[in-house]
Number of protein chains: 2
Amino acid sequence: MKFKPPDDTVPLLRMTRQRRIILEEFHTPGRHPTPDDVYMRIRRKLPNISLGTVYRNLEILSQAKLIKKLRLGCRQRRYDGGLHRHYHVRCVKCGKISDIPADSFPDLDDTAKGHGFKILGHQLEFEGLCQACRKAGRSQKGR
Amino acid sequence: MKFKPPDDTVPLLRMTRQRRIILEEFHTPGRHPTPDDVYMRIRRKLPNISLGTVYRNLEILSQAKLIKKLRLGCRQRRYDGGLHRHYHVRCVKCGKISDIPADSFPDLDDTAKGHGFKILGHQLEFEGLCQACRKAGRSQKGR
DNA sequence: TTTCATATTGATAACAGTTCCTATCTCCGT
DNA sequence: ACGGAGATAGGAACTGTTATCAATATGAAA
């Protein structure tokens with residue numbers, strides 16, 4: 001089995017066992033794992049896989065548009081298997097990440113036109129406090 | 001001279017020579033320097049300043065809201081002295097960064113409400129091609 | 001099924017950005 | 001002028017990511 005290469009200069013991409021198992025990680029929706037997350041989980045199935053292979057394949061899979069690379073504010077990079085248009089909120093306290101559907105937002109790329117750039121896309125991430133951390137904060141303040 | 005501390009736990013922040021000169025870097029508008037950029041420029045005036053001091057002070061100044069920390073998609077962190085509400089476009093080819101005024105955008109924080117998080121802010125960055133790189137790309141394709 | 005060109009792997013080293021640490025120094029209030 | 005809180009310099013340590021490379025596994029053709 002092969003799949004579409006990232007660009008025309010690369011002749012062929014093979015769907016290896018490692019690559020397939022990495023990709024399977026993204027079939028569970030709502031997760032936004034870091035490369036290290038993926039590495040840790042995958043080692044149950046492939047104990048000998050190397051971290052470099054995980055990095056390499058996440059990059060390749062995202063270039064092939066099978067997953068999405070998130071370039072967010074947090075330290076580590078994350079990847080997302082979600083296909084639908086959506087944004088993310090990150091809890092500034094605990095780091096939890098949730099999806100925010102993009103339906104209610106206007107076409108931001110379109111709004112950004114007219115400043116000398118050909119707009120190709122955008123990254124939008126919200127910061128906030130999740131419910132749990134909000135509760136924790138309130139009880140602390142109350143003391 | 002003193003300035004407002006990042007939060008109530010810190011009693012006082014001194015406006016030291018290093019800190020002032022770092023801050024002065026941001027009086028020139030339209031720049032979005034990385035810590036290393038700042039370090040390189042500042043060493044003309046303060047040859048003995050250490051990179052660690054630059055990092056520390058950029059963080060402190062941004063917590064004190066005197067500059068803004070940009071957490072964008074590119075590898076290095078950037079800081080922005082601009083006070084007005086605006087977003088950024090980054091050229092995917094050359095890395096050039098330009099401002100995009102936020103006037104024409106709706107209140108994104110408000111739009112993101114109602115998903116269990118208390119929204120505190122957001123980071124929005126556009127990716128695109130600047131005029132120069134677009135021209136270069138076209139001429140290449142034409143060949 | 002076998003063969004073969006080559007994409008991919010795993011291991012390791014290299015790397016860049018950032019944080020941490022300690023001794024020293026500076027500023028500010030007294 | 002002195003004392004002490006807090007800042008600095010310098011460098012080492014750490015983290016996340018990328019590059020290198022010999023050995024291996026893959027997919028396609030015969």
Side-chain angles (χ1 to χ4, degrees), chain A residues 1-23 32-40 42-64 66-67 69-79 90 95, chain B residues 1-23 32-64 66-67 69-79 95:
Chain A
M1 177 190 180
K2 298 181 215 159
F3 62 103
K4 197 175 172 302
D7 62 72
D8 307 341
T9 65
V10 182
L12 161 74
L13 287 177
R14 293 175 185 163
M15 184 53 83
T16 61
R17 198 153 57 100
Q18 291 85 338
R19 200 165 280 172
R20 181 164 24 79
I21 291 182
I22 287 173
L23 188 53
H32 316 86
T34 63
D36 210 62
D37 291 339
V38 175
Y39 177 58
M40 290 307 188
I42 276 188
R43 284 216 293 182
R44 301 179 202 161
K45 297 177 185 173
L46 297 171
N48 291 330
I49 197 170
S50 86
L51 183 56
T53 300
V54 173
Y55 269 98
R56 198 182 323 112
N57 279 307
L58 289 173
E59 183 60 29
I60 288 173
L61 290 171
S62 73
Q63 285 187 9
L66 295 177
I67 60 178
K69 190 202 288 191
L70 305 182
R71 330 173 93 231
L72 305 181
C74 46
R75 183 151 37 243
Q76 275 188 88
R77 172 185 311 176
R78 290 175 180 277
Y79 291 88
R90 175 172 45 86
Chain B
M1 178 190 180
K2 300 178 210 163
F3 64 103
K4 198 176 169 299
D7 61 70
D8 307 341
T9 66
V10 183
L12 160 74
L13 289 176
R14 293 180 190 154
M15 183 52 81
T16 60
R17 197 154 57 103
Q18 289 88 340
R19 199 164 278 170
R20 180 163 25 79
I21 291 181
I22 288 173
L23 188 54
H32 315 87
T34 64
D36 210 61
D37 291 338
V38 175
Y39 178 57
M40 290 308 189
R41 291 178 60 96
I42 275 188
R43 285 217 292 183
R44 301 179 203 159
K45 297 177 186 173
L46 296 171
N48 290 332
I49 197 169
S50 85
L51 184 54
T53 299
V54 173
Y55 270 97
R56 192 182 334 105
N57 280 306
L58 289 174
E59 184 60 28
I60 288 173
L61 290 172
S62 72
Q63 286 187 8
L66 295 177
I67 61 179
K69 189 202 289 192
L70 306 182
R71 329 173 94 229
L72 306 179
C74 46
R75 183 152 34 246
Q76 274 189 90
R77 173 186 309 177
R78 287 176 181 277
Y79 291 87

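In what follows, chains carry the letters A, B, and so on, assigned in the order in which the sequence lines appear, proteins first and then strands, with residues in each chain numbered from 1.
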Chemist: Which residues pass the side chain to side chain contact (heavy atoms under 4.5 Å, CB included) test with A:Arg75, sequence neighbours left out?
Modeler: none

Chemist: Side-chain N or O of A:Asn48 versus OP1/OP2 of C:dA11: is the shortest distance under 4.0 Å?
Modeler: no

Chemist: Once you round it to whole Å, what is the distance between P of D:dT8 and CD1 of B:Ile21?
Modeler: 11 Å

Chemist: Using whole Å, what does the distance between atom P of nucleotide C:dT19 and atom CG of B:Leu58 come to?
Modeler: 11 Å

Chemist: Is there a side-chain polar atom (N or O) of A:Thr53 under 4.0 Å from OP1 or OP2 of C:dG10?
Modeler: yes

Chemist: Is B:Arg17 close to B:Ile21 at the side-chain level, that is, under 4.5 Å between some pair of heavy atoms?
Modeler: yes

Chemist: Side chain of A:Ile49, heavy atoms from C-beta onward: which of C:dA5, C:dG10, D:dA5 has the nearest atom to it?
Modeler: C:dG10

Chemist: Rounding to a whole Å, what distance do you find between A:Leu61:CG and C:dT8:P?
Modeler: 10 Å

Chemist: Is it the case that the side chain of B:Arg19 and the backbone of B:Arg14 share a donor-acceptor pair, with hydrogens and angles ignored and the cut-off at 3.5 Å?
Modeler: yes

Chemist: Could you state the atom-to-atom distance from CD1 of A:Ile42 to P of C:dT9 in whole Å?
Modeler: 11 Å

Chemist: For the helix from C:dT1-D:dA30 to C:dT30-D:dA1, what angle separates the axis at the start from the axis at the finish, each from five pairs, in steps of 10°?
Modeler: 30°

Chemist: Checking B:Asp36 now: which residues fulfil side chain to side chain contact (heavy atoms under 4.5 Å, CB included) with it, not counting sequence neighbours?
Modeler: B:Thr34, B:Tyr39, B:Met40, B:Leu51, B:Gln76

Chemist: Side chains of A:Glu59 and A:Lys69: closer than 4.5 Å at any heavy-atom pair?
Modeler: yes

Chemist: Taking OP1 and OP2 of D:dA7, is either one under 4.0 Å from a side-chain nitrogen or oxygen of B:Asn57?
Modeler: no

Chemist: Reading nucleotides 12-22 of chain D 5' to 3', which nucleotides get B (base under 4.0 Å from a protein heavy atom), which S (sugar-phosphate only), which -?
Modeler: ----SSB----

Chemist: Would the base of D:dA7 count as contacting B:Arg17 through its side chain, where contact means a donor and an acceptor less than 3.5 Å apart?
Modeler: no

Chemist: Side-chain contact, heavy-atom cut-off 4.5 Å: A:Ile49 with A:Ile22?
Modeler: yes

Chemist: To the nearest Å, give me how far apart CZ (A:Arg14) and P (D:dA29) are.
Modeler: 13 Å

Chemist: Could you grab the distance from atom CG of B:Asn57 to atom CG of B:Leu66, nearest 0.5 Å is fine?
Modeler: 11.0 Å

Chemist: Starting at CG of A:Leu13 and ending at C1' of C:dT6, how long is that distance when rounded to a whole Å?
Modeler: 12 Å

Chemist: Taking 4.0 Å as the cut-off, does a side-chain nitrogen or oxygen of A:Ser50 come that near to OP1 or OP2 on C:dT12?
Modeler: no

Chemist: Can you name the residues that form a side chain to side chain donor-acceptor pair (under 3.5 Å) with A:Tyr79, not counting sequence neighbours?
Modeler: A:Arg77

Chemist: Do A:Asp37 and A:Arg78 have side-chain heavy atoms sitting under 4.5 Å apart?
Modeler: yes

Chemist: Write down the distance between CD1 (B:Ile22) and C1' (D:dA9), rounded to a whole number of angstrom.
Modeler: 13 Å

Chemist: Who pairs with A:Ser62 by side chain to side chain donor-acceptor pair (under 3.5 Å), at least two apart in sequence or on another chain?
Modeler: none

Chemist: Give a yes/no on whether any side-chain N or O of A:Gln18 is located under 4.0 angstrom from OP1 or OP2 of D:dA25.
Modeler: no

Chemist: Send over the distance from B:Arg20 CZ to D:dA7 C1', rounded to a whole Å.
Modeler: 14 Å

